[in-house]
Structures are given as structure tokens and as C-alpha cells.
*Asks:* 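This structure is in C-alpha cells; I'll ask about it shortly.
First the proteins, then the strands, lettered A, B, ... as listed; each starts at 1.
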Number of protein chains: 2
Amino acid sequence: MTERTYSISDLSREFDVTARAIRFYEDKDLIQPMREGQRRIYTARDRVRLKLILRGKRLGFSLSEIKDILDLYDTDMGESRQLELLLDKIEERRRALEAHRRDIDLTLAEMDDLERQCRENLKERAGAD
Amino acid sequence: MTERTYSISDLSREFDVTARAIRFYEDKDLIQPMREGQRRIYTARDRVRLKLILRGKRLGFSLSEIKDILDLYDTDMGESRQLELLLDKIEERRRALEAHRRDIDLTLAEMDDLERQCRENLKERAGAD
DNA sequence: GCCTTAGTTTACGTGAACGTAAACGTAAAG
DNA sequence: CTTTACGTTTACGTTCACGTAAACTAAGGC
């Protein structure tokens, strides 16, 4: 079984990012595709990494923060000391993400409020007609 | 009852942003403090706006997106047509925020996975001692 | 009167995350 | 053989969100 691979424009199309951006991520050491001569060859694993990068971006993380997160997945599971450190980092990430979610929930609650005010106003208007 | 006001450095201290940043937000039309001569005077309402700005930033929104959001709160509740538009914009925001939250939940799930793998590995290790 | 503290405007500098243009290689299609 | 599609490196340009420095004003303390 030979694993499927992707060209840079395959990924560019699929995720709607420019090839320039993908190369930039490589330059910043977030992906390391293989080469076939000059050409970059992306494996399924690289594709997942790119997906994670873009999700990180949507979440407002900087590329260097995203790199830190990606590095979590690459931790050498062979050494117990590394595993302990990894658990700590996971906890930290989790806390950050949960704070992030609280911000979102606050904003959603305010949208609810605003919508309610809005609808009440419209209802009054309808009555006064 | 005279409402409490704040100086730029009051807010700067409270929210741990530089005065420069606060003035920058004003320049971009996100806050409009009153003046007392030259000096900027911030009301409780301005303070809330700043709080919203900073939350928007934590959520990864650009200043212009944040301005759009802040403008929602300023909609003229007097005109029905405005209210309908506002309801639409609120819906759009809500959708964006919920997508955002899904991204977070996905990442949290992956952190769970990673943690589980990590703990299993540690457990095996303990058994093999 | 002088110093300190807090604030002001104006303007140039900076780091991150790419965009864009130039100049070139390679391989398949007509 | 030339065109077309796809890829490459190098390098300068751009936008956003401020940082930083300069030169100034205005109020309060000694």
C-alpha cells in the first residue's frame, strides 16, 4: 500500500490558502514536506498538520504559538520525563482554550441580550401601529 | 449623582494596555472619549467599550471587525429597518462565534486524546519496571 | 521659579504574515 | 518545438497593530 501524497497546489486548493503561505509555514518550520527533486511532496500527515495550522490561525494564535502546539504532537513518547512535561503543556493549552471559550460565551450572551432588546423594541412598535 | 470618569492611565493600568494603544483605538474610531481641554475623559460606557475591544482582540478579531461589532451596540433603535438589519448582523456574528467555538472544542478533544495516549504510555512504563 | 507627573501631537520604526514580481526549471500536450 | 501548467528561489513591498522618541502643555508641590 502506497500512501497518497499531495502537491502544494493540491493543498492550496483544498484549504484555500496560497502556495506562498504554505511555503511560508515551511520557512517558519511548521511543516517539513519531502522533496522529489525540487518539488515538495506532502504526505497525509503533512496535510493534517496544515489543517491544524489553519485551525490555529482561525483561533487567533500566532505562527510561533501554533508551532508550539504542533510540537506537542511530535513529543518523543519514549521518555517519561518528556511525557510529564507534555502533560504540563497540555494542561496549559487547555486552560488557554477554556478561557478563550469563556470569552466566546460572554460575547454570545451579549448577542442574545442585544437580540432580545431588538425584538422587544419591534414588538412595541407593532402594538403602537 | 455624578458618574465616575477615568483618565487614560486609569484604564491603561486597569486593563494592562499602553496609553498608546488606547489612543490608537480612538484613532481607528473604536472609542470616542470626551475632552476636558486637551485631556481625554473616559466614561463608564467608554470603559465597557474598551473591555469589549480587548475581548475582541483575545478572540483574534481585527480592529475593523471589532469596530463592526461595537457598532452593533450603537444601532439606532428608533427605526424598524435598522432593527431588522441589526438582527441579521447579530445572526451572522453568532454563526461566526459558534464556528469559532467548534474549532476550540475540536482542539480540546485532541488535547484529551493526546493526554490519554500520554497517560497510557506512562502506565505501561510503570508496569514494565 | 523650578521640578515632577501626566498628558498631548507628530512622525518614524518594527515584527508578523504574507503578497507580488522576476527569473528560472521541468514535464506533458498539441 | 513551442506552449501551457505547475513548480522553484530570491527579494522587495504591504498591511496591521502598535512601540518609541521628540517636543510640547498644563497642573500641582516645594
*Asks:* Tell me which pairs pass ring-ring contact (aromatic ring centres under 6.0 Å, His included) where either residue lies in residues 54-82 of chain A, with sequence neighbours left out.
*Replies:* none
*Asks:* Does any pair with a residue in residues 9-23 of chain B pass salt bridge (charged side-chain N to carboxylate O under 4.0 Å, His left out), and if so which ones, sequence neighbours excluded?
*Replies:* B/Asp10-B/Arg13, B/Glu14-B/Arg47
*Asks:* Heavy atoms under 4.0 Å is the rule here; annotate nucleotides 7-22 of chain C 5' to 3' with B where the base is hit, S where only the sugar-phosphate is, and - elsewhere.
*Replies:* SBB-B-----BBBB--
*Asks:* Is there a donor-acceptor contact under 3.5 Å from the side chain of A/Gln32 to the main chain of A/Asp29?
*Replies:* yes
*Asks:* Is a side-chain donor or acceptor of A/Arg49 paired with a backbone partner of A/Leu30 at a separation under 3.5 angstrom?
*Replies:* yes
*Asks:* If only atom types and distance count, is the side chain of B/Thr43 paired as donor or acceptor with the main-chain N or O of B/Asp46 below 3.5 Å?
*Replies:* yes
*Asks:* For the pair made of CG in B/Leu54 and P in D/dA17, what is the distance, rounded to whole Å?
*Replies:* 13 Å
*Asks:* Need the bend value for the helix from C/dG1-D/dC30 to C/dG30-D/dC1: angle between end axes, 5 pairs each end, nearest 10°.
*Replies:* 10°
*Asks:* Once ring-ring contact (aromatic ring centres under 6.0 Å, His included) is applied, what residue pairs with a partner in residues 18-38 of chain A remain, sequence neighbours excluded?
*Replies:* none
*Asks:* Is any NZ, NE, NH1 or NH2 atom of the basic residue among A/Glu115 and A/Arg119 found under 4.0 Å from an Asp or Glu carboxylate oxygen of the other?
*Replies:* yes
*Asks:* Which residues satisfy the side-chain contact (heavy atoms from CB on, under 4.5 Å) test with A/Ser64, sequence neighbours excluded?
*Replies:* A/Ser62
